[in-house]
Amino acid sequence: MDWTHDDYVPHRSWDPRKNEDADFDRYIGYMKEQLKELVSGKYGKIGILWFDGEWEESWTHERGLDLAKYVHSLDPDIIINNRVDKGRSGMAGMNGEGDWAGDYGTPEQEVPSTGFPGRDWETCMTMNDTWGFKSDDHNWKSAQEMIRMLCDIASKGGNFLLNVGPTGEGEIPAASVERLEAMGAWMKVNSAAIYGSSANPFPEAPSWGRITRTTMADGHDRLYLCVFDWPSDGKLRLSGLLSEPRTVQMLGQKRRNLLGFTREADVITFSLPSEAHDPICAVIAVDLATP
């Protein structure tokens, strides 16, 4: 959407300009020139274009297909979200059946209950209730909520697009900075559990937290156990693991202290310290034997 351009329609109720004086095709040409400038290399290699506003009546499926084709003609490698077209099914953010343009889905203000196996998606989320900046919106999510949300999304195979709304002076609100710093500190220790990870390989999430998986360079799998609720007895139980753990280690330890475990049928019990070194989410890396 471009609420300031003379040829963009529909104009808002507060806008004195008349819709009948606009030429939407002329606006499309203007927008394509902007996109050409962005993708031409002037600003470096662009990885993703994130479109929005496809719910406007002036936008159509045919325009979406044309715009996606145009952008890919400029750069075949660029990734485009599904809001370039009209296929998105509400806030859940995924396309229904049909020939819709866009490379991935965009759930908004929610985390899918199970993810979307075999499909690419990302949750777009605000830190409070506002996409831009609103001085009286103090309903901030806590750093704990957002870190655990990040783990939840990664465990379901998704990406987390976390919004920041700057003030009119271009400053990031202090409440946002505090939360971003907390998330950055957590990621500095535990980023291996998030970056390059894939979804939880088990049918359900464990009661104590979330699980992600990474295939290492030598071909063996590593599980990352993201523990939200530290067991009071120091025994963390994981059901359904048939492969044998090779090493078990807590991320963030200065020394490579390996944790013990026992097996009973398909239940592995890990022996943990009495207290978590990170009460928000401590991460345990479990390297599995190569099949």
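Position 1 is the first residue of the sequence; numbering continues from there.
When the salt bridge (charged side-chain N to carboxylate O under 4.0 Å, His left out) test is applied to Lys134, no partner is found at least two apart in sequence or on another chain. Every side chain to side chain contact (heavy atoms under 4.5 Å, CB included) that Asn19 has, sequence neighbours left out, goes to Val9, Pro10, His11. Arg148 meets the salt bridge (charged side-chain N to carboxylate O under 4.0 Å, His left out) test with no other residue; sequence neighbours excluded. Qualifying side chain to side chain contact (heavy atoms under 4.5 Å, CB included) partners for Ala199, counting only residues two or more places apart in sequence or in other chains: none. In this structure Ala101 satisfies the side chain to side chain contact (heavy atoms under 4.5 Å, CB included) test together with Leu65, Ala68, Val84, Asp85, sequence neighbours excluded. For Lys18, the salt bridge (charged side-chain N to carboxylate O under 4.0 Å, His left out) test picks out no residue, with sequence neighbours left out. The salt bridge (charged side-chain N to carboxylate O under 4.0 Å, His left out) search around Asp99 returns none, not counting sequence neighbours. Applying the side chain to side chain contact (heavy atoms under 4.5 Å, CB included) criterion to Pro201, with sequence neighbours excluded, gives Ile211, Arg213, Leu223. Partners of Ser198 under the side-chain hydrogen bond (donor to acceptor under 3.5 Å, both in side chains) rule, at least two apart in sequence or in another chain, do not exist in this structure.
Using a 4.5 Å heavy-atom threshold, the side chains of Ile194 and Tyr224 count as separate. Counting heavy atoms from C-beta on, the side chains of Tyr30 and Asp7 never come closer than 4.5 Å. You'll find the side chain of Arg63 reaches within 4.5 Å of the side chain of Ile28, heavy atoms only. Ile78 places a side-chain heavy atom less than 4.5 Å from the side chain of His72. The shortest distance between side-chain heavy atoms of Val164 and Leu180 falls below 4.5 Å. In this structure, Thr262 and Ile268 have side chains that are not in contact, with every pair of non-hydrogen atoms separated by 4.5 Å or more. Side chains of Tyr27 and Ser58 form no contact here, defined as non-hydrogen atoms less than 4.5 Å apart. No side-chain heavy atom of Arg26 sits less than 4.5 Å from a side-chain heavy atom of Asp6.
Between Asp66 and Lys32 there is a salt bridge, with a side-chain nitrogen of the basic residue lying less than 4.0 Å from a carboxylate oxygen of the acidic one. Electrostatic pairing of Lys45 and Asp75 counts as a salt bridge here, judged by a charged N lying under 4.0 Å from a carboxylate O. Checked for salt-bridge contact, Asp15 and Arg17 meet the test: a charged N lies under 4.0 Å from a carboxylate O. For the pair Asp129 and Lys141, the salt-bridge criterion is not met [side-chain N within less than 4.0 Å of a carboxylate O].
With Arg222 as reference, Asp287 is the one residue of Asp287, Thr215, Thr214 to meet the side chain to side chain donor-acceptor pair (under 3.5 Å) rule.
The backbone N or O of Leu238 sits nowhere less than 3.5 Å from a side-chain atom of Trp208 that would complete a donor-acceptor pair. Here the side chain of Thr123 pairs a donor or acceptor atom with the backbone of Glu110 at under 3.5 angstrom. Judged by distance alone, with hydrogens and angles left aside, the side-chain atoms of Trp230 form no donor-acceptor pair with the main-chain N or O of Val227 at under 3.5 Å. Between the side chain of Thr130 and the backbone N or O of Phe133, no donor-acceptor pair lies under 3.5 Å.
Residue pairs meeting the side chain to side chain donor-acceptor pair (under 3.5 Å) criterion with at least one member in residues 165-189, sequence neighbours excluded, are Thr167-Glu169. Pairs of residues two or more places apart, or lying in two chains, that qualify as salt bridge (charged side-chain N to carboxylate O under 4.0 Å, His left out) and include a residue from residues 263-277 are Glu244-Arg263. Here side chain to side chain donor-acceptor pair (under 3.5 Å) pairs that include residues 153-165, with residues two or more places apart or in two chains, are Glu122-Asn159, Asp152-Lys156.
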Please step through side chain to side chain contact (heavy atoms under 4.5 Å, CB included) for the pair Ile284 and Val248, ending with a clear verdict. CA-CA 7 Å; Ile284 300 168; Val248 183; 3.6 Å; yes
I would like to know whether Phe24 and His5 meet side chain to side chain contact (heavy atoms under 4.5 Å, CB included); could you show each step before the answer? CA-CA 10 Å; Phe24 196 67; His5 197 280; over 6 Å; no
Decide yes or no on side chain to side chain contact (heavy atoms under 4.5 Å, CB included) for His220 and Arg246, but give the supporting numbers first. CA-CA 10 Å; His220 81 271; Arg246 189 167 68 183; 3.1 Å; yes
Run the side chain to side chain contact (heavy atoms under 4.5 Å, CB included) test on Met125 and Glu108 for me, step by step, so that the C-alpha distance in whole Å, both residues' side-chain angles and the decisive distance to 0.1 Å come before the verdict. CA-CA 6 Å; Met125 181 74 64; Glu108 182 171 336; over 6 Å; no
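A donor and an acceptor atom, one from each side chain of Ser135 and Asp137, are nowhere located under 3.5 Å apart. A donor-acceptor pair shorter than 3.5 Å can be found between the side chains of Arg83 and Thr106. Counting only N and O atoms by type, the side chains of Asn128 and His138 include no donor and acceptor under 3.5 Å apart.
Here the shortest heavy-atom pairing between Gln253 and Gln249 reads OE1-CG, 4.4 Å. Summarising the geometry of Gly252 relative to Val189, their closest heavy-atom pair is CA-CG1, 3.4 Å, with the distance given to 0.1 Å.
Annotation: the span from Arg119 atom CZ to Asn82 atom CG amounts to 9.0 Å, rounded to 0.5 Å. Between atom CE of residue Met1 and atom CD of residue Glu54 there is a gap of 9.0 Å, rounded to the nearest 0.5 Å. Atom-to-atom distance recorded for Ile48:CD1 and Asn81:CG is 8.5 Å, nearest 0.5 angstrom. Atom-to-atom distance recorded for Glu62:CD and Lys86:NZ is 10.5 Å, nearest 0.5 angstrom. Atom SG of Cys226 is separated from atom CG of Asn190 by 7.5 Å, given to the nearest 0.5 angstrom. One distance of note links CE of Met149 with SG of Cys151; it measures 11.0 Å at 0.5 Å rounding.
When the shell of 6.0 Å around CD of Glu20 is examined, it contains more than 12 heavy atoms from other residues, nucleotides or ligands. Within 6.0 Å of CH2 on Trp131 lie more than 12 heavy atoms contributed by other residues, nucleotides or ligands.
The hydrophobic clustering, which links ILVMFWY residues whose side-chain heavy atoms are closer than 4.5 Å, places Trp50 and Ile79 together. A continuous path of ILVMFWY side-chain contacts below 4.5 Å connects Leu225 to Phe261, so both sit in one hydrophobic cluster. By the criterion of side-chain heavy atoms lying less than 4.5 angstrom apart, applied directly or through intervening Ile, Leu, Val, Met, Phe, Trp or Tyr residues, Val177 is grouped together with Met187 in one hydrophobic cluster. At a threshold of 4.5 Å between side-chain heavy atoms, the hydrophobic network of Ile, Leu, Val, Met, Phe, Trp and Tyr places Leu272 and Leu251 in two separate groups. Hydrophobic cluster membership is shared by Leu259 and Leu236, with clusters built from Ile, Leu, Val, Met, Phe, Trp and Tyr side chains linked at under 4.5 angstrom.
Below 30°, between 30° and 60°, or above 60°: for Trp121 and Phe116 the angle between ring planes is above 60°, a perpendicular geometry.
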